[in-house]
Amino acid sequence: FAENVAFVIKHKNEKKEVSYESITYKKLLQDVNEFGTKLYDMGLKNKRVAIVGRNRYEWVVAHLSNLLGGIVSIPLDKELQVDELESCLERSKADVIVFDEKYIDNIEKIKQNGKTNLQEYVCMTEQEGYKNFWTLKKEGAEILKNGNNEYVNCEIDNDKMAILLFTSGTTSKSKAVMLSNTNIASNVYAMLLVEDMRPTDNNLAFLPFHHIFGSTCMIVMIAIGAKTAFPDGLRYVAQNLKEYQISLFVGVPLLVEAIYKNIEKEIEKKGKTKLINNAKKLSNCLLKLHIDVRRKLFKDVIDALGGRMRFIISGGAPLDKKVAQGFNELGIEVVQGYGLTETSPVISAENAKKKRYGSIGFPMENVEVEIINKDENGIGEIRVKGPNVMLGYYENEEATKKVMQDGWFYTGDLARIDEEGYIFICGRKKNVIVLKNGKNIFPEEMETLINKEDGVEESFIFGKPISKDPNDIKIFVKIVYNKESFEGKTETEIKEYFNEKIKSINKTMPHYKAIRGIIISDKPLIKTTTNKIKREKNLEQIIKEL
């Protein structure tokens with residue numbers, strides 16, 4: 001794809017005038033070779049380079065330079081507090097950090113503390129007192145011109161640690177996951193086998209690159225020869241979809257659902273809800289006759305998303321079935337996938353031919369999946385074997401042994417498989433609430449149900465003993481409500497509203513699952529930087545409040 005555009009970079013001058021720079025695949029490789037050559041010149045062969053910052057072109061070049069030069073790449077979460085960032089740099093034994101100027105204050109503090117192993121600090125733009133990414137790349141170009149091809153011709157061991165990635169640590173100190181080039185390449189290959197991604201696609205790199213889903217997807221886009229643009233931030237996603245005529249979007253459910261809600265709002269505002277619903281019924285009937293008119297019927301809706309949106313991949317948490325169905329009815333393919341940092345990340349996914357709302361589809365072609373220790377409902381733990389499974393946790397043999405046995409990786413996630421082979425996630429093994437009668441409650445399953453109710457921002461299911469017997473546990477919920485939705489209402493009125501909602505939900509569930517108490521709040525739950533609920537911390541806070 002030498003002449004295809006790999007990345008689009010937006011530039012703004014002092015007058016706030018916007019221009020766009022297109023980087024071809026040929027230029028991308030040249031930039032990687034130049035920056036990588038300079039890294040070797042700095043004595044970083046077989047060393048470790050950390051990267052922290054927003055999704056941007058310099059991040060891509062730094063990461064690929066590491067991977068293609070046998071340098072261990074350490075992607076770090078830009079949202080980490082300075083002490084956590086420092087701890088990750090210490091634990092990973094990073095030799096150099098390439099950083100975004102936006103986070104210079106944290107870097108200054110780390111530099112002053114002097115606790116890390118860092119020899120050099122490289123800023124992605126010109127900053128006084130720091131080496132500059134672009135200057136180093138330019139110096140690398142000169143070294144290459146003078147005939148030094150050591151970096152370009154280097155041979156790397158594909159099965160050695162290539163990436164050291166910290167998990168988000170929802171219950172304890174984050175673990176450092178060791179991944180090889182083989183791990184990543186096998187997962188990229190598996191995705192290309194089943195998902196309909198094309199060299200003509202335009203992609204918006206919204207998922208943070210420090211997250212394995214984000215960085216593996218970035219490499220997937222390179223593997224298919226697609227064009228990638230960088231978002232201006234969460235508030236500008238809708239604008240960016242139009243601006244770059246995005247056709248392929250990979251995101252988390254929170255964002256995918258927000259895009260769909262905006263579509264619904266616009267339809268409602270124009271008074272076209274009934275018209276669109278009738279059009280959906282018509283197109284669904286025609287689809288049964290193998291006549292697909294969705295993209296013609298709903299052209300106005302698709303045009304509002306830039307006119308080319310055709311494929312959305314959702315991962316990281318369960319996607320609302322209604323949203324997946326809604327997009328598909330409009331002619332925009334939506335599939336859901338599942339994976340972990342430890343599996344590079346994708347374990348299973350839906351695709352255009354294999355889709356069931358609410359499921360995570362089928363295992364990837366090169367991944368074995370088994371459900372073990374099943375209960376009476378066929379729910380058990382997922383274990384995985386394949387070339388995408390990590391090398392282990394860095395300098396943590398005890399934690400590695402807990403999850404790796406006989407080549408199998410034990411995910412800690414609970415799931416069931418239906419009669420046709422579709423996998424359905426039920427929750428995390430460690431989060432299961434066991435009742436006195438031996439029945440299991442999966443909090444995530446119930447939270448998904450509650451989160452669909454109007455006015456609910458998020459919810460948290462927990463077990464609370466209601467008698468002197470600590471095993472006599474009943475189910476309670478903390479509901480975080482949307483302040484704007486209840487403007488002018490008293491706390492008593494809000495609680496009464498949710499009491500009624502919970503009564504309705506209780507009627508749809510077995511008696512033992514019934515929710516017996518509610519706490520309401522307008523303050524968000526405690527979460528990791530990747531928006532996963534820290535269950536232990538939230539429970540501690542609730543106990544204090546109670």
Side-chain angles (χ1 to χ4, degrees), residues 48-56 58-60 62-63 66 72-125 127 130 133 161 163-179 205-218 230-231 233-234 252 254-255 316-317 340-342 345 390 393-396 399 524-538 540-541:
R48 301 177 182 196
V49 174
I51 315 168
V52 65
R54 297 161 291 170
N55 286 10
R56 53 193 288 179
E58 293 88 344
W59 204 109
V60 174
H63 187 55
N66 290 342
V72 175
S73 200
I74 308 162
L76 295 173
D77 186 344
K78 65 188 186 305
E79 303 298 333
L80 290 177
Q81 298 297 317
V82 67
D83 55 337
E84 290 177 282
L85 189 61
E86 189 172 53
S87 167
C88 290
L89 287 164
E90 281 182 79
R91 288 170 61 200
S92 64
K93 302 184 175 83
D95 298 288
V96 166
I97 186 164
V98 178
F99 69 93
D100 186 322
E101 71 279 1
K102 195 178 174 186
Y103 307 97
I104 197 162
D105 290 348
N106 282 351
I107 299 298
E108 286 275 4
K109 285 171 192 165
I110 288 166
K111 195 177 181 183
Q112 283 162 16
N113 289 347
K115 288 183 188 175
T116 68
N117 190 43
L118 292 172
Q119 310 300 306
E120 297 284 1
Y121 299 78
V122 178
C123 187
M124 293 179 186
T125 55
Q127 292 289 328
Y130 291 97
F133 172 91
M161 173 173 68
I163 300 177
L164 193 54
L165 206 88
F166 289 87
T167 62
S168 51
T170 51
T171 55
S172 57
K173 193 178 179 184
S174 60
K175 298 181 191 81
V177 175
M178 298 186 287
L179 298 174
F206 185 82
L207 285 175
F209 290 154
H210 69 258
H211 196 287
I212 189 63
F213 193 25
S215 59
T216 299
C217 280
M218 177 248 284
F230 300 101
L234 187 58
V252 290
L254 202 67
L255 191 58
L340 296 99
T341 306
E342 291 89 339
M390 68 170 180
Y393 294 120
Y394 180 63
E395 293 188 339
N396 196 338
L525 295 170
I526 304 163
K527 291 187 280 290
T528 68
T529 58
T530 51
N531 271 327
K532 288 175 186 165
I533 293 170
K534 288 191 170 187
R535 303 200 82 89
E536 283 180 19
K537 293 281 182 194
N538 281 288
E540 281 170 24
Q541 191 181 53

Euclidean distance, [Y] [atom2] relative to [X] [atom1], rounded to 0.5 Å:
X	Y	atom1	atom2	result
Leu89	Leu118	CG	CG	5.0 Å
Asp77	Ser174	CG	OG	9.5 Å
Leu340	Met390	CG	CE	9.5 Å
Leu525	Lys534	CG	NZ	13.0 Å
Thr116	Tyr121	OG1	OH	4.0 Å
Ser92	Met178	OG	CE	13.0 Å

ask   = Run the side-chain contact (heavy atoms from CB on, under 4.5 Å) check on Ile51 and Asn66 step by step: do they pass?
value = CA-CA 10 Å; Ile51 315 168; Asn66 290 342; 3.9 Å; yes
query = Any Lys/Arg nitrogen of Lys527 or Glu79 sitting under 4.0 Å from an Asp/Glu carboxylate oxygen of the other?
reply =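 Salt bridge: no.
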request  = May I ask you to check if Lys111 and Tyr130 form a cation-pi contact, with NZ or CZ under 6.0 angstrom from the six-membered ring centre and within 45° of the axis?
outcome  =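 Lys111 over Tyr130 ring: yes.
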task = For the pair Leu179 and Ile212, evaluate side-chain contact (heavy atoms from CB on, under 4.5 Å) and give the outcome as yes or no after the intermediate values.
result = CA-CA 10 Å; Leu179 298 174; Ile212 189 63; 3.5 Å; yes
Are any of the side-chain heavy atoms of [X] and [Y] separated by less than 4.5 Å?
X	Y	value
Cys123	Phe133	no
Glu395	Lys93	yes
Asp95	Asn117	yes
Phe166	Val177	no
His63	Phe209	no

Exercise: identify the closest heavy-atom pair between [X] and [Y]:
X	Y	result
Leu85	Ile110	CD2-CD1, 3.8 Å
Arg54	Trp59	O-CD1, 3.7 Å
Asn55	Ala205	ND2-O, 3.0 Å
Arg56	Thr125	NH2-CG2, 3.5 Å
Leu207	Gly214	CB-CA, 3.8 Å

inquiry  = Working note: Val98 + Met124, criterion side-chain contact (heavy atoms from CB on, under 4.5 Å); need CA distance, chi angles, decisive distance, verdict.
reply    = CA-CA 7 Å; Val98 178; Met124 293 179 186; 4.1 Å; yes
query = Leu164 and Arg91: side-chain contact (heavy atoms from CB on, under 4.5 Å), yes or no, with the steps?
reply = CA-CA 10 Å; Leu164 193 54; Arg91 288 170 61 200; over 6 Å; no
ask   = Should Lys78 and Asp100 be marked as a salt bridge (charged side-chain N to carboxylate O under 4.0 Å, His left out) after you check the CA-CA gap, both sets of side-chain angles, and the distance that decides it?
value = CA-CA 9 Å; Lys78 65 188 186 305; Asp100 186 322; over 6 Å; no
